[in-house]
There are 2 protein chains.
Amino acid sequence: MTKDTKTALLDAAERAVRSRGFDGFSYADLSEDVGIRKASIHYHFATKAELSAALMKRYREALQSACEEIERSSRTAAEQLSQIIEIYRLAMSEGDSLCLCVAFIGSRESLSPAAIDEITSFRKMVISVLTRIFEKGRADGSISSVQDPPKEAQAALSLMEGAQLSARAQEEPAVFDNALALLLGRLT
Amino acid sequence: MTKDTKTALLDAAERAVRSRGFDGFSYADLSEDVGIRKASIHYHFATKAELSAALMKRYREALQSACEEIERSSRTAAEQLSQIIEIYRLAMSEGDSLCLCVAFIGSRESLSPAAIDEITSFRKMVISVLTRIFEKGRADGSISSVQDPPKEAQAALSLMEGAQLSARAQEEPAVFDNALALLLGRLT
DNA sequence: TTAATTCTACCTATCAATAGGTAGTCATGA
DNA sequence: TCATGACTACCTATTGATAGGTAGAATTAA
């Protein structure tokens with residue numbers, strides 16, 4: 001049952017960060033969500049900094065697994081890329097949520113070094129996955145007019161993150177799809 | 001001198017929001033920055049909500065003027081677009097700051113309806129400016145392969161915002177340029 | 001086998017610090 | 001003389017965090 005409470009805390013915290021930012025929720029909120037006393041949260045996560053690092057670590061690991069699975073199972077680069085885009089679309093939910101990484105960056109100054117390290121690792125990982133996909137796309141021809149894979153990767157990540165932000169700002173999930181329409185149009 | 005203090009408060013608050021988010025600064029911080037007592041800030045802005053709306057309003061108006069100037073003075077659509085990109089690059093500063101709009105969206109749940117309205121107006125304005133630019137770019141040929149101007153506009157805005165976020169996450173302003181390289185490559 | 005011990009996962013009660021905000025006073029310049 | 005713009009001195013609520021304790025499960029030693 002220990003594990004369950006800890007997981008429940010991480011789940012609640014993740015929802016909170018993604019919808020309200022790191023400075024936008026408190027232990028009191030988590031307490032209410034999970035159903036244990038505020039003070040008891042400190043048993044599982046001594047400080048909010050520790051919680052944030054754990055949160056980002058879990059997120060990075062989950063995304064890493066998902067990416068590995070995508071790279072392993074998909075035939076073409078176009079398929080791989082559209083699956084990654086799908087992950088970001090789902091993370092956006094109904095336009096009320098952001099990728100955890102995006103949510104954290106806005107509160108960067110409040111984060112512990114450990115959490116920032118996790119963010120750095122996360123981005124390195126995603127960029128390298130995307131770079132491989134664009135390289136593959138240039139080779140297998142499933143993504144049109146690829147010239148510089150690393151720059152394409154950087155642009156694609158920025159675009160997906162920005163599209164989540166836009167969708168949220170305009171309170172309209174379809175905005176995400178509009179923003180990505182051009183990129184998707186390059187896929188075979 | 002009244003105007004100066006009010007402006008100084010808005011300036012300090014804008015810096016604070018852009019680097020730490022809306023929930024990441026307090027009246028105590030502003031008080032220290034501007035050099036008046038915390039309580040005195042309430043004379044100028046009765047509530048933090050009022051301050052945030054004023055902040056966003058000023059930002060929207062400034063950007064609107066800048067866009068009008070760009071649309072009026074620049075010859076080609078390519079020139080216009082690169083000038084707008086330049087605005088977003090400058091807003092990013094050394095990678096430690098975000099466009100006010102981006103910074104606010106992350107803290108959306110904490111904002112007053114008035115501030116959210118301002119954000120909505122701001123985005124409508126930027127999207128319509130960008131749409132006109134892409135239409136012009138298709139007409140004057142200074143932006144290559146433009147098919148759907150509104151989608152291009154949405155994508156460009158998302159890309160610029162996401163690129164700011166990426167640059168900040170990776171603590172490297174050059175990331176912004178890498179993310180925008182593809183778009184800039186389409187300009188004549 | 002069982003008694004002593006330690007660990008787990010919470011609890012209540014409280015802390016100092018900080019949040020945003022209010023009331024009433026004082027100085028100053030037009 | 002009176003509006004402006006600042007001040008001192010508060011307030012209440014909430015923040016993340018701590019101290020100290022407890023019921024019960026797990027471990028260990030005789």
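Every chain is numbered from 1, with letters handed out A, B, ... down the list of sequences.
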Rounded to whole Å, please give me the gap between [atom1] in [X] and [atom2] in [N].
| X | N | atom1 | atom2 | value |
| --- | --- | --- | --- | --- |
| B/Tyr43 | D/dA3 | OH | P | 12 Å |
| B/Ile41 | C/dG21 | CD1 | P | 11 Å |
| B/Lys48 | C/dA19 | NZ | P | 9 Å |
| B/Arg37 | C/dT18 | CZ | P | 15 Å |
| B/Ile36 | D/dT4 | CD1 | C1' | 13 Å |

Honestly, is A/Lys6 close enough over A/Tyr43, meaning NZ or CZ under 6.0 Å from the six-membered ring centre and within 45° of the axis?
no

Base of C/dG20, side chain of B/Lys38 - is there a donor-acceptor contact under 3.5 Å?
yes

For a quick test of reading the model: is some side-chain N or O of [X] closer than 4.0 Å to OP1 or OP2 of [N]?
| X | N | answer |
| --- | --- | --- |
| B/His42 | C/dA23 | no |
| B/Thr5 | D/dA6 | yes |
| A/His44 | C/dC10 | yes |

Any sub-3.5 Å donor-acceptor pair from A/Gln164's side-chain atoms to A/Cys99's backbone N or O?
yes

For the backbone of A/Ala77 and the side chain of A/Asp140, can you confirm whether one donor and one acceptor N or O come within less than 3.5 Å of each other?
yes

I'd like to know whether CZ of A/Arg37 has more than 12 heavy-atom contacts from other residues, nucleotides or ligands below 6.0 angstrom.
no

Nearest of C/dT12, D/dA17, C/dC10 to any side-chain atom of A/Ala39?
C/dT12

Contact between B/Val175 and A/Arg123 at the side-chain level, heavy atoms closer than 4.5 Å - yes or no?
no

Which residue in the set B/Gln83, B/Arg132, B/Gln80 passes side chain to side chain donor-acceptor pair (under 3.5 Å) when paired with B/Glu71?
B/Arg132

Residues of residues 14-33 of chain A with a heavy atom under 4.0 Å from any atom of DNA chain C, listed by number, are none

